[in-house]
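The structure under discussion appears below in the form of structure tokens.
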Amino acid sequence: MSLQKFKEIKLTDNDLNEFKLLLSEFYLKKATEQEKLFVARKALKREEISKEEFTKIKNHVELLNNEYAKIAVSKAFKENYKNAKFLLKPIKEGHVDFANAKSELAFARHMYRESKTVIKERGRGAQLEKLNDIAVEVKKLSFKYGPEFPYALSNVNFQIKHGEYVTIIGHNGSGKSTLSKILIGVLTPEVGDLQIFGNTVNKNTLDQIRRFLGIVFQNPDNQFIGSTVRADIAFGLENKRVDPKDMETMITSAAKKVRMTDFLDHEPLNLSGGQKQRVAIASTLALNPDIIIFDEATSMLDPKGKREIKEIMVQLRDAGNKTIISITHDMDEILNADKVIVMNGGKLVKMGTPSEVLSDKEFLRSIHLDIPFIANVEEKLQNVGINVSGSKNMDELVDKLWQKK
Ligand SMILES: Nc1ncnc2c1ncn2[C@@H]1O[C@H](COP(=O)(O)OP(=O)(O)OP(=O)(O)O)[C@@H](O)[C@H]1O
């Protein structure tokens, strides 16, 4: 088979995602019906239902079992893998098609293995494939809390690339919380579309898509489950059924990223606000999500705590391979971001780099946003003819002023 022909007929990551979703959905349906059969069997013994009624339920379960057995096969993926293997045979190393055919083979093998794992796990725990490198895409999104309410979000559109650090900012009532609830799947958009790595979020896909996301909430006290920092980080891993022998390494590695290794045996409730949020971040990081959403995560912290968390957001972005989304009304937070999304009255009113957004200070003031302290100082300096802009913190501003001397 030629490479061209293979590309026309090959299975894609989309097919694999559909297979995962179908299996988990069907398994859930089957489990529910099996539960009904269990109850019916007891009812039959107590003569509360007739033999005919019981047989009807039993036949239905049998039918589902048969159908499930037909679906839960990785034959198509095996065939696809076999086709990919044939691709390489006639192509010599060094030929233009060689690398291409090799990567097709690697992906076909990955899909075949994944399909077998999903069957073994009956679709439960399945992680959908990333279909592109756009971590979040919101298209024509509108939302209202009820028919008689005004739109809390109206026609919002944006894209966040994987690896970007984005802040979503807005005054009270601008729609930030509504947007964040939609992003984490607590609210469902009625108009428009939300995609995570190319996967459309809906009630069938939500559970699987959530695995891409980690969330750090506003109140650190509401996020603790364990009696020690270690137990707290372990909780999510246990839920994910991580092998206990890998657990300690994963806990230490997550704690290290937020500089909390010395506190692993401490009680979370005795920590400072900033430290508590660091533990919450470690618990999230341990699960290795691709996207971390900080939902007003610094708003209850003192200045030191705020600084600590902001530093960690920057470090996570700098370490690569994580998308950081911070929903906040702290304007100082926008300076370190790659991109800023400004919300007002349920609409996205501005989007750009911090410098682009800060270039129109009058507009920001008109929608009741405070200008970051550093940007205010720069504005005052510009007014007296000293041209400095785009500083992320006081040190950077001082450096720029020294260079001008
Ligand atoms: N549960 C609700 N029922 C009805 N309307 C709501 C509800 N929650 C929010 N709203 C309305 O939706 C709009 C957007 O509110 P939202 O809470 O998303 O804004 P916000 O930017 O997060 O504000 P804040 O910073 O005060 O939390 C507002 O007009 C608000 O009154």
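Values reported hereafter were calculated over all heavy atoms of this structure, with side chains retained and with hydrogens, waters and symmetry mates removed. As the structure lists them, so they are numbered: ligands from 1, and atoms in each ligand from 1.
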Any donor and acceptor pair, going by atom type alone, linking the side chain of Lys306 with main-chain N or O of Thr298 inside 3.5 Å?
yes
Side chain or backbone of His171 under 4.0 Å from ligand 1, or both, or neither, by non-hydrogen atoms?
backbone
Short N/O distance, under 3.5 Å, between Ala152 and ligand 1?
no
When only distance counts, is Gly173 in polar contact with ligand 1, meaning an N/O pair under 3.5 Å?
yes
Would you mind running through ligand 1 and noting each atom that sits below 4.0 Å from a heavy atom of Asn172?
23 (O), 24 (P), 25 (O), 26 (O)
Hey, does the side chain of Asp15 reach the backbone of Thr12 with a donor-acceptor pair shorter than 3.5 angstrom?
yes
How about Phe143 and Tyr145: are their ring centres within less than 6.0 Å of each other?
yes
Out of Asp295, Leu187, Thr178, whose heavy atom sits nearest atom 18 (O) of ligand 1?
Thr178
Protein residue, atom and distance nearest to atom 27 (O) of ligand 1, heavy-atom basis
Ser177 OG, 3.2 Å
Ring of Tyr112, cation from Lys78 - is the NZ or CZ under 6.0 Å from the centre and inside 45° of the axis?
no
Identify whether NZ of Lys or CZ of Arg in Lys85 sits under 6.0 Å from the centre of the six-membered ring of Tyr81 and within 45° of that ring's axis.
yes
Under 4.0 Å from a heavy atom of Ser174: give me the atoms of ligand 1 that qualify, with their elements.
19 (O), 20 (P), 21 (O)
Using atom types as modelled and distance alone, determine if a side-chain donor or acceptor of Glu378 lies under 3.5 Å from a backbone N or O of Gly390.
yes
